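Index from 1, following the sequence. Every value quoted in this text rests on a predicted model; they were computed, and no experiment measured them. Remember, it's 1-based here, ligands and their atoms both numbered in the order they're listed.
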Amino acid sequence: MAKKLRVGIIFGGRSGEHDVSIRSAASVIESINRRKYTAVPIAISREGKWLSSAEAVNLLPGEAQSLLPIIRGSNSQDSVAILGDPSYAGLLSLDQKGGAANSQQLDVVFPVLHGPFGEDGTIQGLLEMANIPYVGCGVLASSCGMDKVAMKLLFLQAGLPLCKYVWFLRSQWQSDRAKIIKMITRKLGLPCFVKPANLGSSVGISRANDKASLERAVNFAARYDRKIVVEEAVDAREIECAVIGNNEPRASLPGEYVIHDPSAAFLDYTEKYSKTGHVEFVVPAALSKSLTTRIQKMAVQAFQSIDGSGLARVDFFLTRKSNKLLINELNTMPGLTDVSGYPKMWAASGLSYAQMLDLLIELALERHREKSQNKTTRA
Ligand SMILES: Nc1ncnc2c1ncn2[C@@H]1O[C@H](COP(=O)(O)OP(=O)(O)O)[C@@H](O)[C@H]1O
Ligand SMILES: [Mg+2]
């Protein structure tokens, strides 16, 4: 039998989605094919410290813990690191004085990190430097997928339909609020949605219905980012589509967040992760065949417009009155928890969680092989 691949699963991280990342990683560890892969847990604390595998295991829920090999001989005080120097190409244990104690080989890394410092090209940059294959989008696609302003520009360039929006800097808001409020009400009107440009899981997002709530919403978003996006509020169904692949990506059957309780004004953090019962993710979404095909085509175009690889989830609005399809956003490391849309859409499209992981790891290796064909010298 072929040698088991060692898969570094990085989770936690310095973002507001730290806890979601732990849940996503737990699902990955629970579903990964243990005959083919050895999962090596690597956790990053909220402060950015890389924790030893022994400490990383402790952050996981009991079921995921029980599936991991017993980690022997690791001192829980030790920390670990991946270095940009490709000659180490693995996980280095650091002793208490910060010296390198030993290194463990990693054949591939799965950065199961959501939001800033994980989904935004930063960890991808480190893994490129280290020359370790990794699951998901590269540096460019990750950072463009994280920044809602850059993402919208690439979507527009690809001819994809979006809702009306404006953006500005926190410094502009701080120096002339009246001017910004005037611009928003003139270009978009109210109600509108105010968002930090670089976040996820609805953190920092709120709906503004009047000028007073608009001011509060911008102040709130400005706590999270130096760039703020404001969009017209659309009355729409929320449809999602999963994409997988590198140069020839394919799209899943679309799913839909169906809101059962009007008290859930929008998909905020609680509605997304707390099983409130107000919303339900339904796959396949109740859509005509032609609309399903259009969504799948647009999801692939959105993926290609940011130069995606591996995976992404593309989120749409389907307006209730005029049945207009708009792209809301793309997530390069979508939630992978047991309640998340991405794995559910693949399951409904015939790809189990374990098969999806297999394919994602294969795509990571393929992308790495393809890149290593590039010449790096002039001669
Ligand atoms: N322009 C909009 N009109 C109506 N609802 C919106 C709009 N933008 C966002 N929302 C609501 O807020 C949620 C989170 O917004 P989104 O842009 O997807 O941010 P995140 O990256 O945090 O998921 C959406 O799923 C939707 O419920
Ligand atoms: Mg979203």
Report task. With side-chain contact (heavy atoms from CB on, under 4.5 Å) as the test, would you mind laying out the steps for Glu63 and Ile29 before giving the verdict? Result -> CA-CA 9 Å; Glu63 185 168 352; Ile29 289 165; over 6 Å; no
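- In Glu280, the CD atom is crowded: over 12 heavy atoms of neighbouring residues, nucleotides or ligands sit closer than 6.0 Å.
- A distance-only check finds a donor-acceptor pair linking the side chain of Ser349 to the backbone of Leu253 [under 3.5 Å].
- Under a 3.5 Å cut-off, the side chain of Gln124 and the backbone N or O of Gly121 do form a donor-acceptor pair.
- A cation-pi arrangement, defined by a distance under 6.0 Å to the six-membered ring centre and an angle within 45 degrees of its axis, is present between Lys227 and Trp167.
- Listed by atom number, the atoms of ligand 1 under 4.0 Å from Lys148 heavy atoms are 17 (O), 19 (O), 20 (P), 21 (O).
- Under the 4.0 angstrom criterion for non-hydrogen atoms, Tyr165 is not in contact with ligand 1.
- Polar contact with ligand 1: present for Val234 (N/O pair, distance under 3.5 Å).
- The residue among Glu231, Glu329, Met151, Lys195 with a heavy atom at the shortest distance from atom 9 (C) of ligand 1 is Lys195.
- Around the Mg ion (ligand 2), the protein N, O or S atoms found under 2.8 Å comprise Glu329 OE2.
- Contact annotation: for Asp315 versus ligand 1, there are no heavy atoms closer than 4.0 Å.
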- request: Mind running side-chain contact (heavy atoms from CB on, under 4.5 Å) on Phe168 and Ile184 for me, showing each step along the way?
  value: CA-CA 10 Å; Phe168 50 88; Ile184 296 169; 3.9 Å; yes
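- In this structure, the side chain of Arg170 engages the main chain of Ala222 through a donor-acceptor pair within 3.5 Å.
- Neither the backbone nor the side chain of Asp235 has a heavy atom within less than 4.0 Å of ligand 1.
- Residue contacts with ligand 1 for Tyr257 are absent, since no atom lies close enough (heavy atoms, distance under 4.0 Å).
- Residue contact check: Ala233 has heavy atoms under 4.0 Å from atoms 3 (N) of ligand 1.
- A donor-acceptor pair is defined here as one N or O able to donate and one able to accept, closer than 3.5 Å; such a pair exists between the side chain of Ser53 and the backbone of Pro41.
- Remark: Arg23 does not engage Glu30 in a salt bridge, criterion side-chain N to carboxylate O under 4.0 Å.
- Within the 4.5 Å cutoff, the side chain of Glu370 has no heavy atoms near those of the Asn246 side chain.
- Looking only at side-chain heavy atoms (C-beta outward), Lys3 and Asp107 come within less than 4.5 Å of each other.
- For the ligand labelled ligand 1, residue Glu232 lies inside the 4.0 Å heavy-atom shell.
- At under 3.5 Å, a nitrogen or oxygen of Glu238, whether backbone or side chain, sits near a nitrogen or oxygen of ligand 1.
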